[in-house]
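Contents: one structure, followed by commentary.
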Amino acid sequence: MKHIVIIGNSAAGLSAAEAIRKNDKGVKISMVSEEQYPPYMRLKIAEILMNNVNPEKLFLKPYEFYKQENIDLLPGKKVDRVIPKKNSIILFDKTKIVYDALIVASGRSANISKDVKGANKHGVLGFRSISNARDIMELIPISNTVCIWGAGIAGINAAYGLSKKHREIKVITCKERILEGIIGEEKARSLENSLREKGVEIIFNKSVVEIFGNGDVKAIKLDSGKVIGCGILILDKNLTPNTKFLENTEVDINLGVRVDEFLRSSVENIFAAGDVLSKRDHQEEYLDLLNSWDSAVNQGKIAGENALKFTQARTDQMIPYADIVQNRQLRILGLTLEAGSGASLADESADLSDCNQEDS
Ligand SMILES: Cc1cc2nc3c(=O)[nH]c(=O)nc-3n(C[C@H](O)[C@H](O)[C@H](O)COP(=O)(O)OP(=O)(O)OC[C@H]3O[C@@H](n4cnc5c(N)ncnc54)[C@H](O)[C@@H]3O)c2cc1C
């Protein structure tokens, strides 16, 4: 029996699994994810901050779905490396899984520059997962002030989610407005006003240079020299593709996995989809590679179908990817906004930015 392995179980990974199963009832499908949860609506994690909703409410499908569809869900398993020459992946627990085709759908993570002193303190957290949201909730009772570094989609969701917690919330951005490059100025100003009405302070044109504390975050220092006391620093900076497990392999990486029009990497049986794709070097007009939920779903479908065709020796029938998403929707502050044309909801390109590290 052929085996298709998917790394990542979110928008792109689940969509790939569903597309494969729709077209073939027999092929073995394994979906590996370092997260403990089955696929869920990442866009809605702010609801955990706002209303302490049970994570199960965010699940995209009940557990029975994966049993019925015979999709082997492997949560809580982090991939350490891929060995393309042996068609296998190695997990951190040393398990080896052999595949006939692999789909990389591992998304992006926020990162802090090594130039920022004290970055590894307890209380420096991303805001991209249910676990991040739960970790923030645990620290909230002992943190009167929460700082959020970055005013991209995740940072603004976190600010909004926390604004009901009666804590001081400060958003620090190196930009002149929030959600720059994602929504237009008018909408951004209106959202800024809504956030201020909820007690959120927004500090523009500033970056964090140091994090103070003995193990736990106690304060941060801005590039202006100002020190702000806080117990949590939420990071929404410098989103970089999760491709560490592909380092030193034959898979071509350039700020993400490079793919052709069939979403196939430089290795013939490795495909990729979603935020992990390289957004930098596609001169090809047919590729409209944006970071958004809907794009990840569309790309997952195509990568899934093409990986299946590879295992069936029907590569001549692979389908090219064309982004059919017309409107990229953002859901913030209870509003649904259309992102502007060309908007990337999680653009990471630090060196394209006028700041040292780009907000997501
Ligand atoms: C708070 C928030 C709000 C958002 N709001 C919107 C919105 O309103 N509209 C919109 O279009 N988009 C929004 N986005 C962006 C959207 O969520 C992403 O574009 C989308 O989730 C990308 O899907 P993906 O499947 O490519 O990757 P991800 O959703 O990032 O999933 C990648 C998965 O791979 C796993 N993984 C990574 N590395 C490994 C490894 N080594 N081993 C095993 N597993 C691994 C991760 O744990 C994760 O589960 C939002 C994002 C956030 C964080």
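Ligands are counted one by one from 1 in listed order, and the atoms in each one are counted from 1 as well. Numbers here are sequence positions counted from 1.
Checked against a 3.5 angstrom limit, the closest N/O atoms of S10 and ligand 1 fall inside it. Considering backbone and side-chain atoms alike, I45 places every N or O at 3.5 Å or more from each N or O of ligand 1. Every N/O-N/O distance between D294 and ligand 1 stays at or above 3.5 Å. For ligand 1, one of its N or O atoms has an N or O atom of V79 under 3.5 Å away. Note: an N/O pair closer than 3.5 Å links E35 and ligand 1 by distance alone. Taking any N or O of W293, backbone or side chain, at least one lies under 3.5 Å from an N or O belonging to ligand 1. Polar contact with ligand 1: absent for G274 (N/O pair, distance under 3.5 Å).
At a 4.0 Å heavy-atom cut-off, ligand 1 touches N157 through the side chain alone. At a heavy-atom cutoff of 4.0 Å, ligand 1 is contacted by the backbone of K77 but not by its side chain. Counting heavy atoms under 4.0 Å from ligand 1, residue S33 touches it through both backbone and side chain. Residue-level proximity to ligand 1 for I153 is carried by the side chain, the only part with a heavy atom below 4.0 angstrom.
Using a 4.0 Å heavy-atom cutoff, Q299 is absent from the residues neighbouring ligand 1.
The CG atom of L14 sits 13.5 Å away from the NZ atom of K301 when rounded to the nearest 0.5 Å. For the atom pair NZ of K67 and CG of D72, the computed distance is 12.0 Å after rounding to the nearest 0.5 Å. Note: L233 CG to K218 NZ = 14.0 Å, rounded to the nearest 0.5 Å. Between atom SG of residue C230 and atom CZ of residue F212 there is a gap of 10.5 Å, rounded to the nearest 0.5 Å. Atom-to-atom distance recorded for I20:CD1 and L308:CG is 6.5 Å, nearest 0.5 angstrom. Residue I142 holds its CD1 atom at 9.5 Å from CD of E138, rounded to the nearest 0.5 Å.
Close contacts between ligand 1 and A296 involve ligand atoms 22 (C), 23 (O), 26 (O) [criterion: under 4.0 Å to a heavy atom]. The contact set between ligand 1 and A11, taken as ligand atoms under 4.0 Å from a residue heavy atom, comprises 23 (O), 25 (O). Those atoms of ligand 1 that come under 4.0 Å of a heavy atom in S292, given as number and element, are 11 (O), 19 (O). Within the listing of ligand 1, atoms 32 (C), 33 (C), 34 (O) sit less than 4.0 angstrom from a heavy atom of A105. Within the listing of ligand 1, atoms 49 (O) sit less than 4.0 angstrom from a heavy atom of N9. Here is the list of ligand 1 atoms found below 4.0 Å of a heavy atom in F245: 41 (N). Less than 4.0 angstrom separates some heavy atom of G8 from each of these atoms of ligand 1: 33 (C), 34 (O), 35 (C). For ligand 1, the atoms lying closer than 4.0 Å to a non-hydrogen atom of G107 are 27 (O), 30 (O), 32 (C).
With a 4.5 Å cut-off on side-chain heavy atoms, Y37 and S129 do not count as touching. Residues L235 and L125 have side chains not in contact (no heavy-atom distance under 4.5 Å, counting atoms from C-beta outward).
By the 4.0 Å N-to-carboxylate-O rule, R108 lies too far from D275 to be salt-bridged with it.
When hydrophobic clusters are built by joining Ile, Leu, Val, Met, Phe, Trp and Tyr residues whose side-chain heavy atoms come closer than 4.5 Å, directly or via intermediates, F204 is grouped together with V171.
A133 and F127 get closest at one heavy-atom pair: CB-CE1, 4.0 Å.
D93 and T95 share a donor-acceptor pair across their side chains, judged by distance under 3.5 Å alone.
Between N269 and the choices N87, L102, I4, the side-chain contact (heavy atoms from CB on, under 4.5 Å) rule is met once, by N87.
Nearest residue to atom 17 (O) of ligand 1 from L43, L74, I7 is L43 (criterion: closest heavy atom).
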